[in-house]
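In this text, all values refer to a predicted model and were calculated from it rather than measured experimentally. Whatever order the structure lists ligands and atoms in, that order sets their numbers, starting from 1. No hydrogens, no waters, no symmetry mates; every other heavy atom, side chains included, goes into these values.
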Amino acid sequence: MPDPLEGLAEVTPALELALDEALRYLATLDGPLQPPGALDVLANVSGPLPEQGAGSLAAVRELAELSNASATRASGPRFFHFVTGGTTPAALAADWLASATDQNSGIWESSPLGARLETVSLAWLRDLFGLPAEWGGVLTTGATMANFTALAAARRWWGERHGVDVDEVGLAALPPVPVLSSGYIHSSALKALAMLGIGRGSVRKLSRDRHGRLDTDALEAELRDLGGAPAIIVANAGEVNAGDFDPIEAMADLAEARGAWLHVDGAFGLFARATPEAAALAAGVERADSVISDGHKWLNVPYDCGFAFVRDPTLLVRAFSLDAAYLPPPGEERPNYGFMGPESSRRARALATWATLRAYGRDGYRAMVERHLALTKRVAAAVEEAPELELLAEAKLNIVCFRYHPPGMTDEAALDELNRKLGAMVLEDGRVFFGTTVYGGNVAFRPAIVNWRTTERDVDLLVEVVLELGRTLTG
Ligand SMILES: *Cc1c(COP(=O)(O)O)cnc(C)c1O
């Protein structure tokens, strides 16, 4: 197979093959979440760059076989590891169209379609989360880059408060940037601070206990000690071990009183605001200066997708603008989203975001989040009921933090060892999938429920598998 042009006739059969294979794959989402032998299959993917290509159909067929034999069924209903989502039917189909249309949604001129759908999607998301309509926003590749984007706006604001344009001259002449948060701060926010030149070490984690809960008095004292110097506060809406929240309303009060920037990381927790049942957990977010969330988690759109919102949109434009003679200037009517975030040329991820919100609407997302809240409570209740299981934190949102704890066993080191082993067995077993963490010093499980497909059957199996495997370990 020489020039790809020779393969022009293969477009239709290649896409038809991909459809058949995708459907075959999706029918296996309930199966072993890590197919047996997957790593051996992958180890055989090697060899030099082919001198002679195999042709489109052969390549797609080979890839499909590889996927079926080795892909982690992470978009299935029993994948409770990390906090990942699946892909709604509308989002999946829309994502295929994003590839088929191959829009560069960085510049309005190259894709009015991508730009318009991004504008509308961002407005719908602001509405879903009860955020002010005037806020600016941009889609990103995920929450890490959304944190980066929003914190770049914060950094710019902070520089302006010192009379310095940091995007022009950098940070070198300035003192360290004070960043205040709780022990709940996500490692991706630290990574974003590192990428911004603010540094991971600039964060003061003001915790009042070993779980990392915010010490509000310490935050107030730190802000007072700064004597009016500007600071960035990072509030966490949904921490990853137990799904807990910082007291955002109290942090907003302090930020307001002391003139600090309040940033909220709501990578999944922002979705609490999609239902009155949980909205109180994330009360006060609308008073922040910036807030971010993920698309590929609870929105259930494909990787990669996140979004950042900033109260003052001009900060985004000034931090991320591009200047080249051939590029059009940014305008309100014809926005260049590549001038408002870190990526310049960018995938039209608005297509999947728009399609899923168009397909299910506010009611659909509220119903899904409420179903997940109920499933979480169901798991927590089953954990409390089982004598061998111990609930380690109140299940406020969509994560159940618990461990295996046979009655009478009191040696903490032995319990940690037991739970570490059990965690590895769960992954090996593959009927359900979730990992271990360390919560308050103890090895613990933290299954998260964010997949649109997950039902009672799936979460009941989660508890059954832990009990069954735990009993084999303890005799
Ligand atoms: C997942 C997560 C992130 C990082 O998100 P990516 O999409 O992996 O970049 C940031 N913050 C929180 C609270 C998260 O749960």
Tell me, please: is Gly306 in heavy-atom contact with ligand 1, that is, under 4.0 Å? no
With atoms numbered from 1 as shown, which atoms in ligand 1 lie under 4.0 angstrom from a non-hydrogen atom of Asp294? 1 (C), 5 (O), 6 (P), 7 (O)
Minimum heavy-atom distance Arg366-Pro276, with the two atoms named: CD-CD, 3.8 Å
Do Tyr303 and His296 have ring centroids that are under 6.0 Å from one another? yes
Test item: Pro247 and Arg213 side chains (from C-beta on) under 4.5 Å apart, heavy atoms: no
Test item: Thr436 and Arg403 side chains (from C-beta on) under 4.5 Å apart, heavy atoms: no
Using a 4.0 Å heavy-atom threshold (strictly under), name the region of Thr144 that reaches ligand 1: side chain, backbone, both or neither. both
Sidechain N-carboxylate O distance under 4.0 Å for Arg453, Asp458: no
Can you check whether Phe339 reaches Val317 side chain to side chain, under 4.5 Å on heavy atoms? no
Taking distance alone, with N or O pairs closer than 3.5 Å, would you say Ala143 contacts ligand 1? yes
Could a heavy atom of Val83 be found less than 4.0 Å from some atom of ligand 1? no
Show the atoms of ligand 1 that are less than 4.0 angstrom away from any heavy atom in Gly238. 13 (C)
In ligand 1, which numbered atoms sit nearer than 4.0 Å to a non-hydrogen atom of Ala267? 2 (C), 3 (C), 10 (C), 11 (N), 12 (C), 13 (C), 14 (C), 15 (O)
Examine the proximity of ligand 1 to Asp304 and report which part, side chain or backbone, both or neither, has a heavy atom under 4.0 Å away. neither
Can you list the atoms of ligand 1 that are under 4.0 Å from a heavy atom of Val240? 15 (O)
Check ligand 1 against Asp265 and write out every atom of the ligand that is under 4.0 Å from a heavy-atom position of the residue. 10 (C), 11 (N), 12 (C), 13 (C)
Does the side chain of Ser290 reach to within under 4.5 Å of the side chain of Trp135, using non-hydrogen atoms? no
For Phe268, the atoms of ligand 1 under 4.0 Å from one of its heavy atoms are 15 (O)
Going by heavy-atom distance to atom 14 (C) of ligand 1, choose the closest among Lys191, His296, Met145, Lys297. Lys297
When you measure from the side chain of Arg431 to the backbone of Val465, do you find a donor-acceptor pair of N or O atoms at a distance under 3.5 Å? no
Of all the atoms in ligand 1, which lie at a distance below 4.0 Å from a heavy atom belonging to Ser188? 3 (C), 4 (C), 10 (C), 11 (N)
Is the Phe271-Phe129 ring centre distance short of 6.0 angstrom? yes
